[in-house]
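Please read these numbers as outputs of a predicted model, since none were measured by experiment. For the single chain, residues carry numbers from 1 onward in sequence order. Atoms within each ligand, like the ligands themselves, are counted from 1 in listed order.
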Amino acid sequence: MCGIVGIVSSKEFPVRGELLARLKKLEYRGYDSVGFATSEGLVMRGVGELSKFIVRVPAELEAKAAISHTRWATHGGVTEANAHPHSDCEGKLFIVHNGIIENYEELRKGLEKLGHCFETETDSEVIAHLLEERLKRGGMKSALMSLIREAKGTFAVLALRKGEERIYAAKRDSPLALGIAKGGFILGSDIYAFSDATDKAVFFDDDEIAVVDAKGYEFFDAAGKPVRKKVTRFKWARQEEAGHGHAHYMIKEIHEQPLAAERLIRSLETEQAKKVGKLVGMMRRAKRVVLVAAGTSYFAALLGVYFLNRQNVMAHTLIASEFENYVYVDKSTLVIAVSQSGETMDVVSALKFAKKRGAKIAAIVNVPHSTVQRMSEVSLEMMAGQEVCVAATKTFTNQVIAMLFLASKFGFHANFESLPLQIEKTIAANEGKAKALAKELKGRNDVYIIGRGISYPSAREFAHKLKEIAYVHAEGMMGGELKHGTLALVEKGTPVFSLMPAGDVDIVSNTKEVEARGGRVIRISTATDSDFSIPAENGGVFAILSVVIGQLLAYHIAKERGLPIDKPRNLAKSVTVK
Ligand code: AGP
């Protein structure tokens, strides 16, 4: 994972106020450690979040070229030594890397035999030494060509040589973009890094190299042949960094849901109507529709399957990381990726696999111009705006709305007009209750959430929120499956949430089975006397609103527990490694 940013400029820029301020925008990609290197050869690294590190960086420090990195640890512990940038033996070449060099042990052994000394436990350091070694035979371009040839795995790499105001870049699978700004260029893992400075970007394709200085840029393919690149103009809503009036981004984003929902519905009915038509056409022509996603997006996809199957569209879904193993795709399959970031490596890999098998590719994404969007023939945008908190809230809701909207074209009933207001009412009527219940549950470590049919994916997402934000071991499961084993864990006082859409008589029985064993049942239903009452007139709406309760509860339990809500431990918002 990790985020990388590099800047080359004709004028000196402040490292703290410019380079690190841009890196902060990529902190959602990882926040284990941080570091930068300037073309003067100054390197600083630190463990933990950028806000702790930045105060150590002199405000007056300037550079004309610099690279930086925010890390989500994969190989090697969270230590200052393992923080990027890494350098060659002489301290004259620095690299930052996002991705995983799969054959790093083999490369490292070979380089050690040639006398290279390694100082970290990371896979990334091998890049610096490999470039150093290959530079003995030629220039940086050919050294990067060697990297592309010799390294297995994924990488977006920025390299800087001491004394040169120039950045070298190469990428495979991990995302990398070049922003064309006034007076210079900004390289970043995605457009967030420079969306406030320019609306013009060049996206790297796999196995491409770029050489960038203040005057211009050149792209080359793996064989060193120049490549003409398209400049893309992008539109992206900027996110204010502070002053949003909420204690955390998570609660801000929960409250943004009515607006985000309305924006998406309007857009699907107007500016995105053509794309909706195209996607629906592709769905009609396909023999089967397979949705692919990870984490929260998978639960939204699961709801999509429910909606579509009800309308006799043959639909399946599978967690992206197991896609190749458990799903059959061929030329007659339409694969729809569902992804907030559009950069999740598991999803990208699944799409590559599907493409190879001849399947058609479409997507529902939040971040425009992301890798997934660029791989897709047609792509709907979620229009949720930037989501900063690691936990998905408003993007989940909008993913489900997008699914409902597609299903409605096949006859699934949903009232889109009233949905934003219903979300608003749900939050208003239940936030106080969630706060109160959070006080009661803050000491509990095992919680169950049961749902059947349309409520089952919501039960899973409800549990997912409790796990990642409140660190509660929560299991979201099929209500009917409880009695086949898990019921053994229910004892006096065990909290069990029951998602009870109107008319679901079987969940009523499952709930009673829990109650009979002394479980502490918390009912979420449309009945006004339930623990959490939601104004859902149909199943699709119920599925969304019941998750909103889970979001509120996870937030307030985490708050009670004093947890780092927007940046939970060990996680990152965009997971760009397998
Ligand atoms: C959501 O709360 C999680 N942070 C995580 O499960 C996320 O949904 C998953 O990593 C998929 O991300 P994507 O939607 O950007 O592909």
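- Inspection of the Q399 and S297 side chains reveals an N or O donor paired with an N or O acceptor under 3.5 Å.
- Between the side chains of D446 and H473, at least one donor N or O sits under 3.5 Å from an acceptor N or O.
- With hydrogens and angles left out, the side-chain atoms of R452 and Y456 include no donor and acceptor closer than 3.5 Å.
- You'll find the side chain of D206 reaches within 4.5 Å of the side chain of K171, heavy atoms only.
- In this structure, ligand 1 sits under 4.0 Å from heavy atoms belonging to A294, G295, T296, S297, S339, Q340, S341, T344, V390, A391, A392, H464, K465, E468, V575.
- Listed by first then second residue, pairs satisfying salt bridge (charged side-chain N to carboxylate O under 4.0 Å, His left out) with a partner in residues 273-283 number zero, not counting sequence neighbours.
- In this pair, F299 and H464 present their aromatic rings perpendicular. The plane angle is above 60°, beyond the 30 to 60° band.
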